[in-house]
Amino acid sequence: MADTSDIRTPAQIEADIKRRREVLAETLDEIGVRVHPKTIMGDAKAKVASSVDHTLGRAYVHVNRVVSDVKSQFVDEEGAPRLERVVPVALVVVGVVGLLTLGTRRRKG
């Protein structure tokens, strides 16, 4: 006996062909959008922007950590300045500025 479950009417075959054509058309439209130069450029720009944002974020975190480390050297946990560290650095800065000022005056004179 023949299996009648595989027998389709011409209308069923035509409906199946029509449905498959529609799916194929949608797929081709999607491929067309994906390979369009504007889409490719937009994707490339988005990747670059994401990479830059990621790099800037990492740089910000690193700089913030360094600033916190330096700050902790000159300020205690309560926020008060550590005079035993601030005063020597301030004296060195004043000395360097003074030497630079004297050197500039000697060149002009």
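The basis for the numbers below is simple: all heavy atoms, side chains too, and nothing from hydrogens, waters or symmetry mates.
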Please check if the side chain of T55 supplies one atom and the backbone of S51 the other of a donor-acceptor pair under 3.5 Å.
yes
Ignoring hydrogens and angles, tell me if any N or O in the side chain of T39 forms a donor-acceptor pair with the backbone of V35 under 3.5 Å.
no
When every non-hydrogen atom of S72 is compared with those of D69, the smallest separation belongs to OG-O, 2.6 Å
May I ask whether Y60 and V52 are part of the same hydrophobic cluster, defined by side-chain heavy atoms of I, L, V, M, F, W, Y residues being less than 4.5 angstrom apart, directly or through others?
no
When rounded to the nearest 0.5 angstrom, what distance separates CZ in R58 from CG in D53?
13.0 Å
Does F74 belong to the same Ile/Leu/Val/Met/Phe/Trp/Tyr cluster as V93, with side-chain heavy atoms less than 4.5 Å apart forming each link?
yes
So, are K47 and D43 salt-bridged, with charged N and O less than 4.0 Å apart?
no
Are V70 and V86 connected into the same hydrophobic cluster when the rule is that any two of I, L, V, M, F, W, Y join if their side-chain heavy atoms are below 4.5 Å apart?
yes
Distance (rounded to the nearest 0.5 Å) between K45 NZ and I40 CD1
13.0 Å
Is there a chain of hydrophobic side chains (I, L, V, M, F, W, Y, each step under 4.5 Å between heavy atoms) that links V48 to L56?
yes
Does any part of the side chain of R65, heavy atoms only, come nearer than 4.5 Å to the side chain of V61, both counted from C-beta?
yes
Is there a side-chain contact between I13 and T9 in this structure, where contact means two heavy atoms from C-beta onward sitting under 4.5 Å apart?
no
Supply the members, apart from L24, of the Ile/Leu/Val/Met/Phe/Trp/Tyr cluster built from side-chain contacts under 4.5 Å; use none for a lone residue.
L28
R105 and T101: CA distance, side-chain angles, deciding distance, side chain to side chain contact (heavy atoms under 4.5 Å, CB included) verdict:
CA-CA 6 Å; R105 286 186 183 172; T101 303; 3.9 Å; yes
Within the structure provided, determine whether E30 and R34 are in side-chain contact (heavy-atom separation under 4.5 Å).
yes
With a sphere of 6.0 Å drawn around CZ of R19, does it hold more than 12 non-hydrogen atoms of other residues, nucleotides or ligands?
yes
Apply side chain to side chain donor-acceptor pair (under 3.5 Å) to R82 and Q73, showing your working.
CA-CA 8 Å; R82 295 182 177 184; Q73 297 297 316; 5.4 Å; no
dist R21:CZ -> D16:CG (nearest 0.5 Å) comes out at 11.0 Å
